[in-house]
Amino acid sequence: MVTIRLHNTATRAKEDFVPIDPMNVRMYVCGPTVYDRAHIGNARPVVVFDTLFRLLRHVYGKSHVTYVRNFTDVDDKINATALARKASGDPRDLEALIHERTDETIGWYHADMDALGALRPTHEPRATDYIGQMVAMIQGLIASGHAYEKDGHVLFRVRSYKDYGALSGRSVDDMIAGARVDVAPFKEDPMDFVLWKPSDADLPGWPSPWGRGRPGWHIECSAMSHELLGAAFDIHGGGLDLQFPHHENEIAQSHCAHPDEGFAKVWMHNEMLQVEGKKMSKSLGNFFTVRDVLDQGVPGEVIRFVMLSTHYGKPMDWTAEKAAQAEVTLRKWRGLVAGVEPAPTPLPGVVSALSDDLNTAGALAELHAAAGRGDFAGLLTSARLMGLLTAELGDWVRTLDLSPYADRLAALRSEAMVKKDFAGVDAMKAALMAAGVEVRISKAGVELLPGPGFDAGKLEGLK
RNA sequence: GGCGAGUUGGCGGAGAGGUUACGUACCGGAUUGCAAAUCCGUGUAGACCGGUUCGAUUCCGGUACUCGCCUCCA
């Protein structure tokens with residue numbers, strides 16, 4: 001069996017991956033807070049961990065991998081949208097408006113991520129369905145002295161967990177020294193973070209031993225991963241920006257709630273994405289959504305290819321140039337594998353590249369090599385292991401019948417060959433190319449293929 | 001201030017202590033009525049300074065620069 005090696009953020013080393021239970025390999029990845037469309041940066045962890053999911057399924061068997069990715073549907077931004085809709089005269093109650101917002105956002109998320117060829121995880125829990133588990137976990141933490149209640153808030157006592165900061169490599173004292181930490185009157189220590197906070201009547205809330213309130217963000221993932229994967233599981237993933245404080249807090253909560261159980265064995269963090277060389281951030285407003293990119297005519301498969309062309313552990317720059325190059329390659333490959341029967345197994349080179357800490361760029365190089373040596377069956381199967389060249393993602397390569405145009409062009413050309421006047425042929429050729437059609441004329445005849453930027457509308461009147 | 005990542009040819013980007021990465025772009029050739037596509041081919045690298053070595057882009061140390069996190073953020 002192939003040995004998968006993964007870079008473990010917790011140990012800062014590339015390690016052989018040995019599942020706790022090869023019959024049930026378990027992975028948890030922090031999912032989106034569903035307050036709005038996913039932006040292009042959100043797509044990176046989705047594609048990265050989808051690729052890992054596919055690799056794990058290939059190695060351990062499809063039914064032996066459990067992948068959980070949550071939806072955080074408790075959030076001030078969700079509330080804000082719902083409150084705004086209410087303020088603008090919507091007669092429904094707040095709860096209904098919140099549900100509407102989270103439901104529509106989850107729908108968008110599914111549609112957008114499906115477009116990138118990402119498989120749906122085994123479970124996609126919504127935080128609001130696990131409030132009971134969160135409350136229970138918080139109660140346990142209070143009972144064991146790791147948390148305390150003050151003024152309707154429950155806080156985690158960071159100083160009670162000696163390894164706090166180990167994942168991100170910081171000491172509690174350093175954090176306080178340099179940083180802006182939220183000093184609130186109900187905190188024993190500035191580093192303590194919220195497990196539960198009170199809700200007023202205008203906000204969603206759930207009953208609890210500490211009054212009506214809602215959970216803090218970090219406890220959600222601890223409760224859901226425990227419920228669905230158990231107290232110990234194999235891989236925990238997410239963006240590097242979640243390493244601190246989110247993952248650090250998760251570790252503290254889960255280890256204290258379930259001492260000696262282990263929690264997540266391997267921590268994986270994808271680096272951030274930039275756009276045209278600049279940091280993308282909501283506060284700067286220079287971000288765009290996956291849907292924006294799709295609507296601009298960039299196929300989801302192209303987005304996926306671009307994501308896979310950079311190793312997940314390196315910062316990646318999203319550029320129009322990369323998307324254009326990816327499209328050229330995919331068009332070529334789609335042409336090569338058309339009608340080809342997939343090979344029974346993927347290429348060893350591709351599997352070993354992916355197994356080497358998800359070296360997707362190296363795997364793509366292997367695909368290029370396969371294309372170069374004419375192994376189209378191997379190319380197809382291996383690309384599909386990475387979620388590329390799949391049937392579902394193929395719609396963008398248009399199979400529009402251009403033969404009437406080809407016939408017309410061929411006729412014009414024959415005529416021109418006799419008359420030695422090529423003006424008419426050249427005019428039609430130029431028009432076809434302006435419409436994004438690739439014109440191939442050879443002794444074998446005339447062949448037309450839709451190319452990058454193909455616009456059927458520009459073909460009007462060319463017949 | 002603390003923690004971390006990166007720097008390969010025009011662009012993207014991989015592996016390996018010693019032989020062409022690869023893709024894309026450009027250039028040359030074949031082909032073509034001309035092109036496109038295709039095929040063939042040339043050129044363009046390893047931030048900087050040291051060290052180890054017969055030999056380093058690849059290992060070690062330092063310098064510079066870039067970037068990220070430390071605050072809701074994937």
Side-chain angles (χ1 to χ4, degrees), chain A residues 9 12 29-33 35-36 38-49 69 72 75-77 165 167-171 173-182 217 237-246 248 269-274 277-284 287 305-306 308-317 319 321-329 332-333 335 349 352-353 356 359-372 413 416-423 425-426 429-430 432-433 437-444 446-449 451:
Chain A
T9 314
R12 274 144 245 267
V29 175
C30 293
T33 301
Y35 63 93
D36 206 347
H39 59 68
I40 189 74
N42 289 313
R44 172 116 105 141
V46 172
V47 172
V48 165
F49 291 106
R69 185 182 62 207
T72 294
D75 180 78
D76 287 339
K77 288 189 274 287
L167 179 73
S168 53
R170 18 188 129 206
S171 78
D173 295 316
D174 286 345
M175 285 182 248
I176 295 173
R180 297 150 274 185
V181 281
D182 185 19
W217 173 36
L240 188 61
D241 54 341
L242 295 183
Q243 185 184 34
F244 184 89
H246 182 56
E248 203 72 73
H269 292 96
N270 62 277
E271 253 285 3
M272 301 289 97
L273 177 142
Q274 297 185 305
K278 290 183 179 167
K279 173 188 160 75
M280 179 170 67
S281 82
K282 289 168 194 177
S283 52
L284 292 177
F287 75 99
F305 188 103
V306 172
L308 294 177
S309 68
T310 299
H311 187 261
Y312 75 89
K314 286 188 181 180
M316 99 154 248
D317 195 14
T319 65
E321 173 66 22
K322 280 185 180 177
Q325 281 197 11
E327 182 171 338
V328 169
T329 300
K332 195 165 90 180
W333 286 356
S352 66
D356 180 15
N359 182 357
T360 49
L364 290 177
E366 292 290 332
L367 296 184
H368 273 117
R413 183 165 170 273
M417 294 288 271
V418 176
K419 291 187 184 168
K420 299 296 176 198
D421 175 10
F422 296 94
V425 187
D426 289 344
K429 201 165 67 184
L432 285 166
M433 288 166 72
V437 177
E438 194 179 283
V439 181
R440 300 182 182 180
I441 301 174
S442 66
K443 283 173 186 154
V446 173
E447 194 181 359
L448 300 181
L449 296 169

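Numbers restart at 1 for each chain; the letters A, B, ... are given by sequence-line order, proteins then strands. Keep in mind the model is a prediction, meaning the values are calculated, not measured.
- Between the side chain of Lys429(A) and the base of C34(B) there is at least one donor-acceptor pair of N/O atoms closer than 3.5 Å.
- Closest-nucleotide positions on RNA chain B for Asp317(A) and Asp75(A) were compared, and the one nearer the 5' end corresponds to Asp317(A).
- Between Trp217(A) and His246(A), the ring planes lie parallel to each other; the angle is under 30°, not in the 30° to 60° tilted range.
- Contact annotation: Asn359(A) reaches the phosphate of G15(B) (side-chain N/O to OP1 or OP2, under 4.0 Å).
- A search for side chain to side chain contact (heavy atoms under 4.5 Å, CB included) contacts involving Ala365(A) returns nothing, not counting sequence neighbours.
- Within the 4.0 Å cut-off from OP1 or OP2 of A14(B), at least one side-chain nitrogen or oxygen of Lys314(A) is found.
- Between Asp241(A) atom CG and C69(B) atom P there is a gap of 7 Å when expressed in whole angstrom units.
- Arg44(A) comes within contact range of no nucleotide atom at all, as no heavy-atom separation falls under 4.0 Å.
- When atom types are taken as modelled, the side chain of Glu271(A) and the backbone of Leu240(A) share no donor-acceptor pair closer than 3.5 angstrom.
- Put simply, CZ on Arg440(A) is 13 Å from P on A36(B), counting in whole angstrom units.
- Residue Val48(A) is classed as having no contact, given no heavy-atom separation below 4.0 Å to the nucleic acid.
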Residue pair Thr360(A), Tyr312(A): steps toward the side-chain contact (heavy atoms from CB on, under 4.5 Å) verdict = CA-CA 8 Å; Thr360(A) 49; Tyr312(A) 75 89; over 6 Å; no
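- The backbone N or O of Gly165(A) lies less than 3.5 Å from a partner atom in the side chain of Glu248(A), making a donor-acceptor pair.
- Residue contacts shown for Gly238(A) are limited to sugar-phosphate atoms, with no base heavy atom under 4.0 Å away.
- Panel note: side chain Thr329(A), backbone Gln325(A); a donor-acceptor pair is recorded below 3.5 Å.
- As rounded to whole Å, 10 Å separates atom C1' of U71(B) from atom CZ of Phe244(A).
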Step-by-step side-chain contact (heavy atoms from CB on, under 4.5 Å) determination, Met316(A) to Val306(A) | CA-CA 9 Å; Met316(A) 99 154 248; Val306(A) 172; 3.5 Å; yes
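- Rounded to an integer number of Å, the gap from CZ of Arg413(A) to P of A35(B) is 13 Å.
- Straight-line distance from the CD atom of Glu248(A) to the C1' atom of C73(B): 17 Å, rounded to whole Å.
- Across all strands shown, Leu364(A) has no heavy atoms under 4.0 Å from either base or sugar-phosphate atoms.
- C11(B): Watson-Crick or G-U partner is G23(B), with both key distances under 3.5 Å.
- Atom NE2 of His246(A) and atom C1' of U71(B) are 15 Å apart (whole Å).
- C22(B) sits 27 Å from C60(B) when the P atoms are compared, rounded to a whole Å.
- Take the nearest nucleotide of RNA chain B for Asp426(A) and for Ala361(A): the residue whose nucleotide is more 5' is Ala361(A).
- Looking at every heavy atom in both residues, Cys30(A) comes nearest to Arg69(A) through C-CG, 4.4 Å.
- Base contact: Ala365(A) has a heavy atom under 4.0 Å from a base atom.
- Residue Gln274(A) is classed as a sugar-phosphate contact, given heavy-atom separations below 4.0 Å to backbone atoms only.
- For the C1' atoms, the distance from A14(B) to U53(B) is 25 Å, rounded to whole Å.
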Might you list the N or O atoms of the protein lying below 3.5 Å from N or O atoms in nucleotides 23-27 of chain B, with each pair's distance?
| residue | atom | partner | partner atom | Å |
| --- | --- | --- | --- | --- |
| G23(B) | N2 | Gln325(A) | OE1 | 3.2 |
| U24(B) | OP1 | Lys332(A) | NZ | 3.0 |
| U24(B) | O2' | Gln325(A) | NE2 | 3.3 |

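- Remark: U66(B) base-pairs with A5(B); criterion is Watson-Crick or G-U wobble with both hydrogen-bond distances under 3.5 Å.
- Counting to the nearest Å, the P atom of G13(B) and the NZ atom of Lys322(A) are 4 Å from each other.
- At G12(B), none of the side-chain N or O atoms of Thr319(A) fall inside 4.0 Å of OP1 or OP2 (strictly under the cut-off).
- Note: NE2 (His311(A)) to C1' (G13(B)) measures 13 Å, nearest angstrom.
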